[in-house]
> 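One structure is given below, represented as structure tokens, and several questions about it will come after.
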Amino acid sequence: MKFFVDTAEIDAIAELNDLGMVDGVTTNPSLILKSGRNILEVTKEICDLVVGPVSAEVVATKADDMIAEGRKLAEIAENITVKLPLTWDGLKACKVLSDEGKMVNVTLCFSANQALIAAKAGATFISPFIGRLDDINLDGMDLIQDIRTIYDNYGFETEILAASIRTVNHVLDAARIGADVMTAPPEVIKKLAAHPLTDKGLETFMADWAKTGQNIL
């Protein structure tokens, strides 16, 4: 499973990248706002830092404008993935940009039918939103499973990018189902290393080691 980091904060990306935990980065207008940075400037900095795909989202709603914005964003770096909403206009833009050889991440996916037509339109990644489905009492993992089945049935090369991940259990379930990629905030990725028995065991080891009066260095 590839790990994408869902943030526009350079320091957080750099910390995880140094550990080999970053296969790519996803951003959106909300994350750019939170960073307080210019979209072109911060996206370029992320692309220089990370080898893998960096999703940069258009803000237009009409196909022609999305295409123009997508081309502009793709000029930032070779690893830019143009992020488009799963609307009819977004699918039109997806087809044009993917035919031009650009990576495209189709986002805001909430149904398997949407994922199917995004793959037909040439999407590189499809981003089903797990947490937002959970918010309305639907199981986001059911959607991941349905997309996995459909894509496997017909050999679609579009990668499933599990998004709106909020908990470590979301990561685990997506990995079990076979999502190709997951994107999560840095704090969720860090929590994957946490377990109370690890902490308890380390505490015991350190207490016993102190009693020996020894030093390794």
> Identify the heavy atoms of Thr43 and Ala56 that sit nearest to each other, and give their distance.
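Closest heavy-atom pair between Thr43 and Ala56: CG2-CB, 4.1 Å.
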> Got a second to check how far Arg132's CZ is from Cys109's SG, nearest 0.5 Å?
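Here the interatomic distance stands at 12.5 Å.
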> How about Thr81 and Asn105: does a side-chain donor come under 3.5 Å of a side-chain acceptor?
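The criterion, which ignores hydrogens and geometry beyond distance, is not satisfied for Asn105 and Thr81.
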> Assigning hydrophobic clusters by single linkage (Ile, Leu, Val, Met, Phe, Trp, Tyr; side-chain heavy-atom cutoff under 4.5 Å), is Ile126 placed with Met1?
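Yes, Ile126 connects to Met1 through the hydrophobic network.
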> Do Tyr154 and Leu91 belong together in a cluster built from hydrophobic side chains that touch within less than 4.5 Å?
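Same cluster: Tyr154 reaches Leu91 through Ile, Leu, Val, Met, Phe, Trp or Tyr contacts under 4.5 Å.
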> With a 4.0 Å cut-off, would you call Glu9 and Lys34 a salt bridge?
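Here Glu9 does not pair with Lys34 in a salt bridge, since their nearest N and O are not under 4.0 Å apart.
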> Quick one, Val188 with Ile165, criterion side chain to side chain contact (heavy atoms under 4.5 Å, CB included). Give me CA distance, side-chain angles, the key distance, then yes/no.
CA-CA 8 Å; Val188 173; Ile165 283 184; 4.2 Å; yes
> Does any part of the side chain of Thr204, heavy atoms only, come nearer than 4.5 Å to the side chain of Asp208, both counted from C-beta?
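Answer yes - side chains close enough.
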> Indicate yes or no: at least one non-hydrogen side-chain atom of Thr7 is less than 4.5 angstrom from one of Pro186.
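Side chain of Thr7 against side chain of Pro186, heavy atoms only: contact under 4.5 Å found.
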> Output the distance between atom OG1 (Thr183) and atom CD1 (Ile189), rounded to the nearest 0.5 Å.
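Atom-to-atom, Thr183:OG1 and Ile189:CD1 are 7.0 Å apart.
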> Under 3.5 Å, is there a donor-acceptor pair between the side chain of Asn215 and the main chain of Leu217?
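Not at all, since once roles are kept as given, no pair shorter than 3.5 Å links the two residues.
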> Mark yes or no for whether Thr158, through its side chain, and Ala123, through its backbone, hold a donor-acceptor pair below 3.5 Å.
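Here the side-chain-to-backbone pair exists.
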> Passes salt bridge (charged side-chain N to carboxylate O under 4.0 Å, His left out), Arg166 versus Asp135? Steps please.
CA-CA 11 Å; Arg166 299 173 180 171; Asp135 288 344; 2.7 Å; yes
> Check the pair His170, Asp134 against side chain to side chain contact (heavy atoms under 4.5 Å, CB included), reporting the backbone distance first and the verdict last.
CA-CA 11 Å; His170 279 162; Asp134 290 351; 2.8 Å; yes
> Let me confirm one number: the CG-CD distance from Leu19 to Glu15, rounded to the nearest 0.5 Å.
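It is 7.0 Å, given to the nearest 0.5 Å.
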> In terms of hydrophobic clusters joined by side-chain contacts under 4.5 Å, are Phe4 and Val168 together?
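Different clusters: Phe4 never reaches Val168 through Ile, Leu, Val, Met, Phe, Trp or Tyr contacts under 4.5 Å.
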> Under the side chain to side chain contact (heavy atoms under 4.5 Å, CB included) criterion, do Leu49 and Ile13 qualify, and how do the steps go?
CA-CA 8 Å; Leu49 178 65; Ile13 296 169; 3.7 Å; yes
> Hey, are Asp180 and Arg148 close enough for a salt bridge, meaning a charged N less than 4.0 Å from a carboxylate O?
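Yes, Asp180 and Arg148 are salt-bridged.
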> Compare every heavy atom of Ile80 with every heavy atom of Ala74, then report the nearest pair and how far apart it is.
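So the minimum-distance heavy-atom pair works out to CA-CG2, 3.8 Å.
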> Is it the case that the side chain of Thr27 and the backbone of Ser55 share a donor-acceptor pair, with hydrogens and angles ignored and the cut-off at 3.5 Å?
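Checked: pair present.
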> Is there a side-chain contact between Asp199 and Glu203 (heavy atoms, below 4.5 Å)?
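No, every pair of side-chain atoms sits at 4.5 Å or beyond.
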> Is there a path of hydrophobic side-chain contacts, each under 4.5 Å between heavy atoms of I, L, V, M, F, W or Y residues, that connects Ile130 with Leu192?
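Yes, Ile130 connects to Leu192 through the hydrophobic network.
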> Could you pull out the closest heavy-atom pair between Arg37 and Ile32, with the gap in Å?
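Result for this residue pair: O-CG2, 3.6 Å.
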> What pair of heavy atoms forms the shortest contact from Ser111 to Leu143, and how long is it?
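Scanning both residues, the minimum pair turns out to be C-CD1, 3.4 Å.
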> Are the charged groups of Asp173 and Arg176 less than 4.0 angstrom apart, N to O?
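Arg176 and Asp173: salt-bridged.
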> For the atom pair CD (Glu45) and CG (Asn38), what is the distance rounded to the nearest 0.5 Å?
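If we round to the nearest 0.5 Å, Glu45:CD and Asn38:CG are 11.5 Å apart.
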> Does the side chain of Ile160 come within less than 4.5 Å of Val181's, by heavy atoms?
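No, side chains not in contact.
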> Provide the closest heavy-atom pair for Ile150 versus Ala112 in the form atom of the first, atom of the second, distance.
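Distance-wise, the nearest heavy atoms are CD1-CB, 3.8 Å.
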> State, yes or no, whether a side-chain contact exists between Glu57 and Pro29 at a heavy-atom distance under 4.5 Å.
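Glu57 reaches Pro29 side chain to side chain.
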> Considering only heavy atoms from C-beta outward, does the side chain of Lys2 approach that of Met182 to under 4.5 Å?
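The answer is no; the side chains never approach within 4.5 Å.
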> State, without any angle test, whether Thr107 and Ser127 hold a side-chain donor-acceptor pair at a distance under 3.5 Å.
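Checked: Thr107/Ser127 side chains show no N/O donor-acceptor pair below 3.5 Å.
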> Within the distance-only criterion (no hydrogens, no angle test), does the side chain of Thr124 pair as donor or acceptor with the backbone N or O of Met103 below 3.5 angstrom?
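Not a single qualifying donor-acceptor pair exists.
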> Indicate yes or no: at least one non-hydrogen side-chain atom of Met66 is less than 4.5 angstrom from one of Asp89.
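Yes; the side chains approach each other to less than 4.5 Å.
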> Around atom CG of Asp65, are there more than 12 heavy atoms from other residues, nucleotides or ligands closer than 6.0 Å?
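Yes, enclosed.
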> To the nearest 0.5 Å, what is the distance between NZ (Lys92) and CD1 (Ile67)?
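These two atoms lie 9.5 Å from each other.
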> Grab the two heavy atoms, one from Val58 and one from Gly70, that are nearest each other, plus how far apart they are.
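Smallest interatomic distance, heavy atoms only, reads CG1-N, 3.8 Å.
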> Using the rule given for side chain to side chain contact (heavy atoms under 4.5 Å, CB included), can you reason through Val106 versus Phe125, listing the C-alpha separation, both sets of side-chain angles and the distance that settles it, and then say yes or no?
CA-CA 6 Å; Val106 178; Phe125 301 100; over 6 Å; no
> So, Tyr151 side chain and Leu116 main chain: donor-acceptor pair closer than 3.5 Å or not?
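Here the side-chain-to-backbone pair does not exist.
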> Under a single-linkage definition using a 4.5 Å side-chain heavy-atom cutoff for Ile, Leu, Val, Met, Phe, Trp and Tyr, are Ile39 and Leu31 assigned to the same hydrophobic cluster?
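Looking at the clustering, Leu31 is in a separate group from Ile39.
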> Would you give the length of the straight line joining atom CD of Glu69 to atom NZ of Lys62, rounded to the nearest 0.5 angstrom?
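Reported to 0.5 Å precision, the distance equals 13.5 Å.
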> I want to check something: taking the side chain as every heavy atom from C-beta on, are Leu73 and Leu40 in contact at a cut-off of under 4.5 Å?
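A side-chain contact under 4.5 Å exists here.
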